[in-house]
Each structure stands twice: as structure tokens, then as C-alpha cells.
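We name chains A, B, ... by the order of the sequence lines, and we start the count at 1 in each one.
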Amino acid sequence: MTALVLDGVRKVYPSGDDEIVAVHTADLAVGDDEILALVGPSGSGKTTLLSIAGGLLAPTAGAVRVGSTDISGFNQKQLTGFRASSVGFVFQAVNLVPFLTARENLLVVAEMTGQPKGPARRRADQLLDELGLTHRTKNLPAQLSGGERQRVAIGRALMNEPGLVLFDEPTSALDTSLGEQVMGLIRDEVKGRGTAAVIVTHDTRMTEFADRTVSIIDGYLAA
Amino acid sequence: MKIAVLELVRRPGRFVVVGGALTLLTLLLLFLGGLLDGLFLNSTGAIRANDADALVFSDDARQSFLRSTVDDDVRAEILAVDGVGEVGGLGLSLLGVAIPGEREIADGAVAGYELASGALPAPPSPGQAYADRRLEKFGARLGQTVLVGPAEVPLELIGWVEDTNYLLQNGLWVEPDTWRSVQTTNRPDAPVGAGEFQTFIVRSTGTIETDELIARIDSATGRTETLSENDAVFAVPGITEQNATFTAVIGVTIFVTGLVVALFFALLTIERQGLYALLKAIGGSSRTLVAGVVVQSLAVALGAYLLGALLTAGLAQILPPSVPAQFELGRAAITLVAVTAAAVAGGLISFRRITRIDPATAIGAGA
């Protein structure tokens, strides 16, 4: 079983009379408990590819299947529902809601998707416990360290029990030691749940935490 | 929606500017409404106080109390009309009122009347008057004898009545002969004869439509112009223009209220683009996000309304009696609805902007 299949995916942006090809025809499959590292320099198309995989961007051509769902023809409303239920995101800038506590940042997912409060609260507390943040549940992001904020972001990505978690440069704001800690945590959390993950990074030192590494350069995918 | 509430609670400073603006706009709306109601009620109370179905003027009066004269012959003709229940005379004289111990002369509308109503008890004895409670603000007290007009006709104040003024002059309700005496003594150039009034208050038997009743009366007398109570109210000089002017100013203020909210939340939406992109990326719909904006605009409007109402209540305590503002619960409720509706509408203006936020920008891959 594959968690993600990209089949002939291409992404083109119009630019005046010309067009810019962000991703050339790309084929990729990620197993349902596999951690894939997607590496490449800035502007190589890795974030675009990650966005397509997560239903944030629609491809210009090609098919995208996440789990058993083909999202290629989804409209915006369907994509919103898909993101709410099937994927988790950890963003480069962490992007926690600054006026919400750690627990509330996890519960945002439940609120956005209309999940019942009781079970969502229990799940949030359980995730925070697993991430070693039990004592930080009531702290605002400004009161957390960089590593703690990243852990909260990971918890938020796991709130909807996704089959696929997408990480965009999860260690870019951390020093090497903390980056390795976070990557270890990601690996433990993802593997412990049998969840697939795609980690976009330009830091090749972090690829050792992945099962497989794929490079992307100038929009071309290379194993 | 909970996020929206938490932001309000934890970052109240962000909403101080719009809350302050809405508070001042609410104060303005309530004050304008109070002035409108005060002017309207204090100009027309003498008409509304009679529980009339119709008021009969002489046909040459052009719907004016002061130009109208009706007599016992007209009364007899009205009473003979099928559908007429009660008929009672009403006459008004606008004169100054000297209150013992007060230097300023208050404005008075001495009203001679015959029929008791919900607002008026049966006419008092000769030389006595029921005074509109607004006269109390000018220093009048029950048991005092006030002097009316340049001829200084004495009237003893024996009770208060409410909402009975005419043309912003304080009502003094007396029995008919006392009114005639007040009018004739002070205005020898415009005396009132025995049995004469300016208008007759007509109450129907309840078995006939007002329009039909009016048509029958004017047809029977051939020399009267009969108005419904509402038409008589709006025939008071300046009332229609005054209502239209204030309503226009209030309408514009409500529009500005909506505009202020719309502008604030439009700016806030620009500031929150990153947050909204993130929330959309993790599965939040535009509808959910707009609902949060609406909740915030509603909460800010309600808080501002409360503060504005408190400020208005304070202002009402220090207004001089010469300012005829009157603060009614009905007006307060209408203003509440208007302010909240304008705020919600203003909040909804952000819908399109929020809808257009690309969730992919959360990950730095927006188109």
C-alpha cells in the first residue's frame, strides 16, 4: 500500500506570455510507513511538490493519490476537507497561532474540522505528553523555546491522525543539535504510528533520519 | 469561532481602536435618537394624550390648532354621526409660566379639555391644573401656584401627567372654562367664546374604520377638516421635516458605523493573511474564518454599545432641561439592532478577501 502517489505531475505558472515550469513531469510513490526526504536547493521546486502532495496546490497536469483517494480533480472545497482529514503539515516558520496556548494550538485542528471537543482534548493532551510537553500545555508560543514550538507544530500535524505528514524545512530555524533532536522525534512519532512522511529539507545532514532520499533540481526529480 | 473569542480576550488591545470608534458612534446614535424622540414626543404629546380616533378642525384652519375654532353646533352635528362614541373639546394656548422661586419663565401650553384618557385624569376643578412632569425640571412643585401669561392668571398644580407637551411647551391641563379664561385674559385680541374649542376629540364606537368615520364627520358638518390622530400629529408644524432630517442623519451614522467596522476588519484581514493561510492549510474553510470575523465584530459592537449606552445615560443626567432629549427603551433597542447589524455587515465585507487567501502561501508556495 502506498500513502502517496504522484503520477506525471507537472506544475506550470504563467508569467506574462511565457510560463515557468516549477515541477517537470514527476513520478513518485511513498510507502505507507515510509519517511521520504526531498532535498534540493532553494527554488528547485521541492516546496511546490510538497504543496501538490498535500492538496495545497493543484497540479497543472498529472494525478495525485493520497492513500486511496485521487485528489487530482478535487475543487477547493474538497481539497479543504481532504487537508482537514487526511494530511498533516509542519511548516518551515512553525506558524503557531501566537495567542493560543500549546494545547489550544493542537485543538485548532479539531475546531477547524468540527471534531467533538472531548475526544479532541484528550488526543491533544496525549500528543503533548508523548512530545514531552505536558508541563507546557498552557504556555503561549512566545513562552516556548524553538524546539518546543516545533514539537507543538508536530503535535498539531498529528491531531487529525493523518496517513501522510508533510514537513517543510522542519529544522531550518534550529541549530544542528536541536535539529537532530527534532528529526529524531519526527522519526519516532511517524514510525510509531505507521504514518508516511515527506520531509523537505536542504540540509543533507538530516536525510539520515529518512528511509529514502529523493533530490529535486530545477523542477526535475531524481532518485 | 473559539479562536476568534480567544483573540478578543487575550489581545483586547487590538480591538481598542474600533471599539472606541463604535462606542462614540453608539453615543452619537443614542443621543441623536434621544433628541429625535424628545423633539417628537414633546411636540405632539398634547395630541397623543387624548386617545383620539379623530380630531375635528374648522375647515379654514389648515390643520392648525391656533387657527381653528369649533363650537357647540359642530359638536351636535358630530354627535349625530353614526359611529361616533364620544366627543370632547380641546383648546391650547401657548404662554409663559412663572414658577415661584424661579427667575426664568418656563414655556407652557395651557390645554382646556373635557375627556379623560389613559394619560389624563378627568379635568380638575377651576383654577387647578395637571402639569406635565417635564415642568418639574424647570423647578415646579405640586401644590405651587404658577402664574400664566402676561396677565399672570394663577393655576394651582395638583398633579403630574406624562408625555402631554405641545410644540416643546410644558402641558398644563385645565378644565375648559379655566382655559378660556387664561386665553381671553392673556390674549384679548383672540378671545374664546363659551362652548368654543379649537378642536374636538372624537372617539368612535369601535364599529367603524377611522377613514370612514372622518368622511362621515366632514360630510355631516360641511365645514370641518377631520384628521386621524396620526395625521394630526404629523400636521404639527415642522414634525415631518424634523423626523426626516434626524432619520437621515441617524441613517448616515449607521452607515458610517458599518464602514468603520468594514475598514477595520479589512485591515485586520490583511494583517492576518498568514494566519488565515495557515488555518486554511490545516483544513479551515473560508466560511469558518468569516464566522470568526463576524463573531468578533458582533462582540466588539455589543461591548461598544454597552459602553456607549452607559455614556449616554451619564450624559442624560447632566443635560440642561432646555435640551429636549428623551431616551426611550424602544430607541435603545432599535439602535442596538442597527449597530450590531451594521457591525455584522461590516465584518462580512471581509468575506471576499478571506476567500481569496491562498492556503499554499502558508508553505511559501502560493501562486
Side-chain angles (χ1 to χ4, degrees), chain A residues 11-14 22-23 42 45-52 54-58 76-77 79-101 104-115 117 140 153 156-157 159-160 162 166-169 200, chain B residues 1-19 265 268-297 299-300 350-367:
Chain A
K11 183 66 183 177
V12 176
Y13 293 107
V23 176
S42 296
K46 56 186 188 301
T47 298
T48 301
L49 200 63
L50 193 76
S51 300
I52 291 170
L56 287 170
L57 281 179
Q76 284 304 318
K77 190 175 177 185
L79 284 174
T80 299
F82 159 76
R83 290 195 301 271
S85 63
S86 304
V87 291
F89 289 98
V90 177
F91 303 101
Q92 182 175 1
V94 181
N95 268 342
L96 298 180
V97 182
F99 51 84
L100 298 183
T101 64
E104 289 162 352
N105 263 288
L106 267 64
L107 290 172
V108 161
V109 177
E111 186 184 341
M112 289 296 127
T113 54
Q115 292 174 28
K117 287 178 186 172
L140 295 171
R156 183 177 65 193
M159 263 301 280
N160 57 352
L166 304 172
F167 295 85
D168 183 31
E169 307 277 9
V200 160
Chain B
M1 207 167 291
K2 191 183 170 193
I3 301 174
V5 175
L6 286 172
E7 186 180 20
L8 271 171
V9 172
R10 296 193 182 146
R11 293 198 159 175
R14 177 172 262 193
F15 301 92
V16 162
V17 172
V18 69
F265 279 100
L268 203 58
T269 301
I270 293 170
E271 191 184 317
R272 288 170 172 168
Q273 272 189 335
L275 173 63
Y276 286 151
L278 162 77
L279 295 175
K280 281 185 160 189
I282 62 175
S285 66
S286 295
R287 189 182 296 263
T288 305
L289 302 181
V290 172
V293 171
V294 169
V295 164
Q296 288 184 336
S297 59
V300 171
S350 297
F351 182 82
R352 190 162 165 267
R353 194 175 291 274
I354 289 174
T355 303
R356 291 170 65 184
I357 291 174
D358 185 352
T361 56
I363 204 168

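In this structure, B:R14 places its CZ atom where more than 12 heavy-atom neighbours from other residues, nucleotides or ligands lie under 6.0 Å away. For CZ of B:R352, the number of neighbouring non-hydrogen atoms (other residues, nucleotides, ligands) closer than 6.0 Å is 12 at most.
In this structure, no portion of A:S86 lies under 4.5 Å from any heavy atom of chain B. Proximity to chain A is limited to the side chain of B:L275, based on heavy atoms less than 4.5 angstrom apart.
Counting heavy-atom pairs closer than 4.5 Å to chain B, the top-ranked of the candidates A:V108, A:L107, A:V109 is A:V108. Top candidate by heavy-atom pairs under 4.5 Å with chain B, chosen from A:E104, A:M159, A:K77, is A:E104.
Not counting sequence neighbours, A:S85 has no partner by the side-chain contact (heavy atoms from CB on, under 4.5 Å) test.
You'll find the side chain of B:L8 stays beyond 4.5 Å of the side chain of A:F99, heavy atoms only.
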